[in-house]
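See below for the structure under consideration.
Since this is a predicted model, take the numbers as computed values, not measurements. Chain identifiers are assigned alphabetically (A, B, ...) following the order of the sequence lines, protein sequences preceding nucleic acid strands; residue numbering begins at 1 within each chain.
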Amino acid sequence: MASNATLKAVRGTRDLLPDQTPLWNRVETTARAVFTRYGFGEIRTPVLETTELFARGVGEETDIVSKEMFTWEDRARAASEKAQSLTLRPENTAGVVRAYIEHKLGETGALQKLYYIGPQFRRERPQRGRYRQFWQIGAEVIGPQSSGAESPLRDAEILEMLASMLDELGIRGWKLELNSVGNADDRARYNAALREALQPVKHLLCEDNQRRADLNPLRVLDSKDENDQEIINGLPKIADYLGEESREHFEQVKAALDACGVAYTINPRLVRGLDYYTRTTFEFTVTTGLGTQNALLGGGRYDGLSEMLGGPRAPGIGFAIGEDRLILTLQAQAEADAAAAGTTVAEPKLDAYVAPLGKEQNPAALKLAHDLRKAGLTVDVGDGSFKLRKSFDTADKLARSIVLVGEDEVANGIYTVKNFSNGEQTKIAAAELATALQAGA
RNA sequence: GCGGCUAUAGUUCAGUGGCAGAACGCCGCUCUGUGGCAGCGGAUGUCGUGGGUUCGAACCCCACUAGCCGCCCCA
């Protein structure tokens with residue numbers, strides 16, 4: 001390791017600097033507030049899980065599990081019978097359901113409404129809106145059947161909450177796409193029908209789709225290959241293979257959404273890549289700022305997941321928002337708005353900048369800054385070695401007002417304050433300073 | 001994982017074989033209690049990394065790394 005090469009963040013990961021984090025915090029604060037209003041509690045699960053959890057939960061054959069996970073053998077244990085394979089979580093639903101089972105949350109009989117905010121890891125080729133460490137804001141509603149976890153009302157509530165959350169965050173022009181992929185039986189019948197329908201036309205499809213036709217026919221449906229669209233459009237629709245139960249469930253989800261005035265479009269080709277999805281699946285997309293990675297969030301029902309992980313029957317529904325993508329969208333919107341208004345995106349300013357006029361005033365300046373901060377103001381303090389010009393320049397960049405701390409000010413406790421937005425200069429006694437600055441002096 | 005484009009100052013970028021540049025920003029001075037304007041001056045740097053070709057490479061070639069675009073996939 002005797003290299004002098006500059007150390008860099010690893011591929012697909014990035015640092016979020018202070019010019020970015022206020023937006024992240026605003027998004028997370030808003031999300032938490034909305035979750036709280038809808039009766040969700042926060043859950044924090046480990047970033048590390050056993051590889052088996054994802055193999056069983058997400059599905060061995062999915063792209064995520066078969067080629068995108070960061071997985072390794074636990075070193076200290078590798079040689080013993082305790083050897084285990086560990087994985088950096090590629091998604092959070094499996095972990096939440098594992099915790100649900102492990103802590104026997106179902107035994108309480110109550111419906112569990114859980115949300116999480118945290119990093120996930122997938123070893124994909126990085127691109128705008130696609131990172132190897134990325135953040136998801138997600139939620140799960142899960143419980144025993146007697147808790148009503150299976151009710152279509154839960155599906156509609158989740159979707160209505162998401163619509164409200166996106167609106168509250170200021171995301172404009174989002175679109176909700178909805179589908180039902182049926183229960184396990186429906187899917188089996190549909191898969192068989194798809195295979196049959198694909199057989200005579202398979203040779204006409206592109207290489208990728210030919211592979212899918214054999215491996216996982218459902219995935220042929222969301223192919224973007226232009227030449228194959230005509231054939232794909234002619235394939236059987238999942239809606240025609242839904243059993244009475246699934247169809248009735250989906251109808252009730254739609255009815256509840258209609259009652260809430262949440263707009264959606266049915267996309268019969270919306271299937272999802274994780275094996276655990278059943279019945280309702282959905283995706284929210286946007287057109288601003290994301291290029292081709294236009295899916296802002298996705299989710300669906302997973303009525304069999306708990307059992308796949310060795311737990312009790314516990315139907316559930318959940319979603320994950322791509323926080324990175326949400327942020328990119330908000331930034332793109334803000335930039336577009338600023339460009340339209342002929343301005344730039346403004347950075348927030350401090351309430352005041354305290355400028356000692358000489359080194360002798362440094363202690364008094366820091367004390368004044370302390371008093372103002374204690375009063376709740378956002379304040380920065382300079383240094384007595386700065387020339388007045390530099391103090392003004394720095395103050396103008398950082399703060400709305402400058403407070404001069406010179407010999408006279410320290411002696412008589414009356415401070416000179418200049419407001420940068422209106423250029424007005426006033427003398428304010430120490431006792432009134434905080435209030436005056438707060439009011440915009 | 002596949003195909004393509006890109007990598008030069010803090011930032012945005014120009015420079016296509018012959019002294020490393022511009023704008024903005026930064027620092028200093030004009031100007032030691034009133035800045036923002038202006039004038040003058042200054043520092044910007046492993047030209048992504050490593051090799052090769054050449055008298056000579058930021059420039060041409062190869063490899064690597066990273067970002068971006070598309071595919072794949074997904075959030």
List the protein contact pattern of nucleotides 27-33 of chain B with one symbol per nucleotide (5' to 3'): B for base contact, S for sugar-phosphate-only contact, - for none; contact means a heavy-atom distance under 4.0 Å. --SBB-B

Would you mind reporting whether A:Leu178 and A:Thr265 have side-chain heavy atoms less than 4.5 Å apart?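 A side-chain contact under 4.5 Å is absent here.
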
Rounded to whole angstrom units, what separation is found between the [atom1] atom of [X] and the [atom2] atom of [N]?
| X | N | atom1 | atom2 | answer |
| --- | --- | --- | --- | --- |
| A:Leu17 | B:U11 | CG | P | 12 Å |
| A:Arg132 | B:U65 | CZ | C1' | 12 Å |
| A:Asn294 | B:G70 | CG | P | 10 Å |
| A:Ile64 | B:G1 | CD1 | P | 17 Å |
| A:Leu205 | B:C71 | CG | C1' | 17 Å |

Quick check: on RNA chain B, is the nucleotide nearest A:Ser421 upstream (toward 5') of the one nearest A:Asp63, or the reverse? Name the residue that is more 5'.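 Nearer the 5' end of the strand: A:Ser421.
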
Reading RNA chain B from 5' onward, which residue's closest nucleotide shows up sooner: A:Pro126 or A:Gly299?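 Residue closer to the 5' terminus by nearest nucleotide: A:Pro126.
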
If the [atom1] atom of [N] is compared with that of [M], how far apart are they to the nearest Å?
| N | M | atom1 | value |
| --- | --- | --- | --- |
| B:C69 | B:G42 | C1' | 41 Å |
| B:A9 | B:C27 | C1' | 15 Å |
| B:U12 | B:G48 | P | 14 Å |
| B:A57 | B:G36 | P | 46 Å |
| B:U8 | B:G50 | P | 15 Å |
| B:U30 | B:A23 | C1' | 24 Å |
| B:G41 | B:A22 | P | 13 Å |
| B:C24 | B:A38 | P | 9 Å |

Could you tell me whether the phosphate oxygens of B:G1, OP1 or OP2, come under 4.0 Å of any side-chain nitrogen or oxygen in A:Arg123?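 So the side-chain polar atoms of A:Arg123 do come within 4.0 Å of the phosphate oxygens OP1 or OP2 of B:G1, strictly under.
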
For B:G67 and A:Arg11 - does any side-chain N or O of the residue sit under 4.0 Å from the phosphate oxygens OP1/OP2?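 So the side-chain polar atoms of A:Arg11 do come within 4.0 Å of the phosphate oxygens OP1 or OP2 of B:G67, strictly under.
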
So what does [X] touch, heavy atoms closer than 4.0 Å: a base, only the sugar-phosphate, or nothing?
| X | value |
| --- | --- |
| A:Gly129 | base |
| A:Tyr353 | nothing |
| A:Gln425 | base |
| A:Arg130 | base |
| A:Lys67 | nothing |
| A:Gly12 | sugar-phosphate |
| A:Phe319 | nothing |
| A:Arg325 | base |

Does A:Ala332 offer a backbone N or O that forms a donor-acceptor pair with the side chain of A:Glu335 under 3.5 Å?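 No: the side chain of A:Glu335 does not pair with the backbone of A:Ala332.
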
Can you tell me if A:Asn209 uses its side chain to pair, donor with acceptor, with the backbone of A:Cys206 under 3.5 Å?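 No: the side chain of A:Asn209 does not pair with the backbone of A:Cys206.
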
Is any N or O donor-acceptor pair between the side chain of A:Arg125 and the base of B:C69 shorter than 3.5 Å?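 Answer no: no donor N or O sits under 3.5 Å from an acceptor.
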
Got a donor-acceptor pair under 3.5 Å from the side chain of A:Glu124 to the base of B:G1?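 By the distance-only test, no, there is no pair.
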
Charged tip of A:Arg89 within 45° of A:Phe121 ring normal and under 6.0 Å: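 So A:Arg89 doesn't make the cation-pi contact.
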
With A:Leu372, which of A:Thr378, A:Val354, A:Val381 fulfils side chain to side chain contact (heavy atoms under 4.5 Å, CB included)?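 Running side chain to side chain contact (heavy atoms under 4.5 Å, CB included) over A:Thr378, A:Val354, A:Val381 with A:Leu372 returns exactly one hit, A:Val354.
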
Tell me the closest heavy-atom pair linking A:Leu270 and A:Val181, and the distance in Å.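 It is O-CG1, 4.0 Å.
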
Could you check whether A:Ser164 and A:Glu160, counting side-chain N and O atoms only, form a donor-acceptor pair closer than 3.5 Å?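 On atom types as modelled, these side chains qualify, holding a pair under 3.5 Å.
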
Consider only side-chain N and O atoms of A:Arg269 and A:Asn233, and report whether a donor and an acceptor are under 3.5 Å apart.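 Indeed, the side chains of A:Arg269 and A:Asn233 share at least one donor-acceptor pair under 3.5 Å.
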
Choose from B:C74, B:U34, B:U65 the nucleotide whose nearest atom is closest to any side-chain atom of A:Arg219.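 My answer, after comparing the listed nucleotides, is B:C74.
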
Could you walk me through whether A:Asp155 and A:Lys254 satisfy the salt bridge (charged side-chain N to carboxylate O under 4.0 Å, His left out) test, starting with their C-alpha distance in whole Å, then the side-chain angles of each, then the deciding distance to 0.1 Å, before giving a yes or no? CA-CA 9 Å; A:Asp155 305 44; A:Lys254 290 188 278 187; over 6 Å; no

Could you identify the nucleotide paired to [N], looking across every strand shown and requiring Watson-Crick or G-U wobble geometry with both distances under 3.5 Å?
| N | value |
| --- | --- |
| B:A63 | B:U49 |
| B:A43 | none |
| B:C68 | B:G4 |
| B:U11 | B:A23 |

Check: A:Phe40 ring centre within less than 6.0 Å of A:Tyr115 ring centre: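 Centroid separation for A:Phe40 and A:Tyr115: 6.0 Å or greater.
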
